[in-house]
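Predicted model, so just to flag it, every value in this text is computed and none were measured. Atoms within each ligand, like the ligands themselves, are counted from 1 in listed order.
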Amino acid sequence: MAIDLTDIGIEEGQKYEGIYTTMSKDGVKNAAPIGIACKGKDKLECRLFVGTQTLKNIMDTGKYVINITFDPLYFAKSTIGNLDITEFSDDEDIAILKNAEAYIICEVTSIRKMDPIKDHVTSNGEAYIISSDALKIVKNNPCAKAINRGLFALLEFLTNYTRLDLVGKDQQDYFIGRFNENNRMIKRVSDEDTIEAMEILKKSMIEKGFDVE
Ligand SMILES: Cc1cc2nc3c(=O)[nH]c(=O)nc-3n(C[C@H](O)[C@H](O)[C@H](O)COP(=O)(O)O)c2cc1C
């Protein structure tokens with residue numbers, strides 16, 4: 001059957017978050033949360049910063065797995081360090097999370113160095129763009145869907161919005177700052193509906209007299 005990333009909610013042009021699992025040349029399994037950019041029904045891209053074990057393993061082996069999960073502990077533990085070996089499946093030749101809702105086996109098609117990144121967080125981050133083919137999608141949960149963090153940011157801001165008229169000026173400024181930052185992120189990663197939802201909120205805040213970017 002042809003690969004179709006929309007089967008797990010991954011749509012072209014949007015960005016998602018998953019736990020990438022890789023293996024070193026020596027067979028050591030590694031896990032880390034990394035963004036997923038969808039470039040077609042079976043095409044994926046990610047941006048990996050120099051210094052991550054994930055980039056080193058992918059450069060060495062040309063392979064990785066994207067695990068789709070909502071598990072907060074997987075995300076926290078694999079950001080700070082590695083996951084315990086017991087969290088990986090018993091396969092000896094591939095690193096996969098045992099409890100992933102779904103996973104995508106990816107094969108690298110190109111690795112290119114980016115121009116030094118000057119964005120809102122880094123002044124000279126060195127990074128590579130990894131382009132890949134999705135070779136296989138395995139669904140352990142038939143309803144598995146990749147996480148898009150824009151929706152969480154929208155919900156978080158909606159709760160702030162309902163408190164805007166109840167708090168003091170400093171807290172209002174903090175909420176508006178969070179809105180501006182999340183709106184920037186949502187325009188980059190989310191679907192049209194989430195972007196429109198933020199525009200509706202922006203309009204409402206401007207009508208209330210708030211200085212929104
Ligand atoms: C939700 C989330 C998304 C992330 N996306 C990326 C990314 O796209 N590229 C990247 O290089 N690091 C990203 N990171 C940071 C890495 O996960 C982090 O540097 C991690 O420690 C790398 O682990 P490793 O050295 O085992 O590869 C992300 C972190 C989180 C929490």
Side-chain angles (χ1 to χ4, degrees), residues 5 8-39 43-88 94-97 100-104 106 108 110-132 134 144-157 178 181-182 184-191 194:
L5 290 163
I8 47 172
I10 296 185
E11 305 275 345
E12 187 167 356
Q14 290 178 49
K15 296 202 173 74
Y16 304 85
E17 312 298 328
I19 309 275
Y20 284 46
T21 43
T22 53
M23 272 177 97
S24 72
K25 274 192 298 201
D26 308 328
V28 178
K29 295 180 179 180
N30 188 72
I34 303 288
I36 307 163
C38 179
K39 298 290 173 182
K43 304 269 178 256
L44 294 164
E45 232 177 57
C46 63
R47 177 183 73 174
L48 287 170
F49 284 98
V50 170
T52 58
Q53 188 64 41
T54 303
L55 176 62
K56 182 165 189 332
N57 290 353
I58 288 177
M59 282 181 155
D60 286 347
T61 65
K63 286 188 228 147
Y64 62 98
V65 172
I66 302 176
N67 299 267
I68 302 303
T69 173
F70 273 69
D71 187 326
L73 293 175
Y74 274 173
F75 277 98
K77 288 180 182 173
S78 68
T79 299
I80 293 165
N82 200 0
L83 293 181
D84 193 87
I85 189 65
T86 56
E87 302 292 355
F88 294 88
I94 188 166
I96 301 169
L97 293 184
E101 303 211 12
Y103 61 88
I104 314 163
C106 302
V108 174
S110 82
I111 299 181
R112 70 174 198 279
K113 193 166 195 286
M114 289 180 74
D115 293 334
I117 301 163
K118 287 197 174 53
D119 62 13
H120 63 293
V121 273
T122 48
S123 57
N124 60 352
E126 200 184 335
Y128 286 80
I129 296 287
I130 314 292
S131 303
S132 314
K145 289 263 177 283
I147 290 183
N148 176 291
R149 66 190 168 117
L151 182 61
F152 299 106
L154 169 68
L155 291 177
E156 184 60 26
F157 184 73
R178 295 298 308 149
E181 169 58 15
N182 284 324
R184 183 199 60 75
M185 180 270 285
I186 282 171
K187 283 183 187 153
R188 235 170 15 94
V189 308
S190 291
D191 62 352
T194 311

Trainee: Does a donor on one side chain sit under 3.5 Å from an acceptor on the other, for Tyr64 and Ser132?
Mentor: yes

Trainee: If you count the atoms of ligand 1 from 1 in the order shown, which ones are under 4.0 Å from a heavy atom of Leu48?
Mentor: 11 (O)

Trainee: Passes side chain to side chain contact (heavy atoms under 4.5 Å, CB included), Phe75 versus Ile147? Steps please.
Mentor: CA-CA 12 Å; Phe75 277 98; Ile147 290 183; 4.0 Å; yes

Trainee: Around atom 7 (C) of ligand 1, find the nearest protein heavy atom and jot down its residue, atom name and distance.
Mentor: Arg47 O, 3.5 Å

Trainee: Looking just at side-chain N and O atoms, do Ser24 and Asp26 make a donor-acceptor pair shorter than 3.5 Å?
Mentor: no

Trainee: Does ligand 1 have a heavy atom under 4.0 Å from the side chain of Ile34, from its backbone, from both, or from neither?
Mentor: both

Trainee: Heavy-atom distances under 4.0 Å decide this one: backbone, side chain, both or neither, for Glu17 against ligand 1?
Mentor: side chain

Trainee: Going by the closest heavy atom to atom 19 (O) of ligand 1, which one wins out of Asn82, Thr52, Ile58, Asn57?
Mentor: Thr52

Trainee: Considering heavy atoms of the protein only, find what lies nearest to atom 14 (N) of ligand 1 and give residue, atom and distance to 0.1 Å.
Mentor: Pro33 O, 3.4 Å

Trainee: What protein heavy atom lies closest to atom 11 (O) of ligand 1? Include the residue and the distance to one decimal.
Mentor: Phe49 N, 2.9 Å

Trainee: Between Lys43 and Glu12, does a salt bridge (charged side-chain N to carboxylate O under 4.0 Å, His left out) hold up when you go through it step by step?
Mentor: CA-CA 9 Å; Lys43 304 269 178 256; Glu12 187 167 356; over 6 Å; no

Trainee: Under 4.0 Å, heavy-atom basis, I'd like to know which part of Arg149 is in contact with ligand 1: side chain, backbone, both or neither.
Mentor: neither

Trainee: Just which atoms of ligand 1 are under 4.0 Å from any heavy atom in Gln53?
Mentor: 24 (P), 25 (O), 26 (O), 27 (O)

Trainee: Considering non-hydrogen atoms of the protein only, which is the closest contact for atom 23 (O) of ligand 1, and what is the distance?
Mentor: Ala32 CB, 3.4 Å

Trainee: Report the C-alpha distance between Leu55 and Ile130 in whole Å, list the side-chain angles of each, state the deciding distance to 0.1 Å, and finish with yes or no for side chain to side chain contact (heavy atoms under 4.5 Å, CB included).
Mentor: CA-CA 9 Å; Leu55 176 62; Ile130 314 292; 3.9 Å; yes

Trainee: In the protein, what heavy atom is nearest to atom 27 (O) of ligand 1, and what distance, to one decimal place, separates them?
Mentor: Thr54 OG1, 2.6 Å

Trainee: Nearest protein heavy atom to atom 26 (O) of ligand 1, by residue and atom, and its distance?
Mentor: Asn30 ND2, 2.9 Å

Trainee: Where the closest heavy atom to atom 21 (O) of ligand 1 is concerned, which of Ile147, Thr79, Thr22, Ile80 has it?
Mentor: Thr79

Trainee: Please report the shortest heavy-atom distance between Gly150 and Val189, naming the atom on each side.
Mentor: N-CG2, 4.1 Å

Trainee: Would you say the side chains of Asn57 and Thr54 form a donor-acceptor pair under 3.5 Å?
Mentor: no

Trainee: Looking at every heavy atom in both Ile10 and Ile104, which two are closest together, and how far apart are they?
Mentor: CD1-CD1, 3.9 Å

Trainee: With a cut-off of 4.0 Å, which atoms of ligand 1 are near a heavy atom of Gly35?
Mentor: 5 (N), 6 (C), 7 (C), 8 (O)

Trainee: Does the pair Glu181 and Arg178 meet the rule for a salt bridge (charged side-chain N to carboxylate O under 4.0 Å, His left out), with working shown?
Mentor: CA-CA 5 Å; Glu181 169 58 15; Arg178 295 298 308 149; 5.9 Å; no

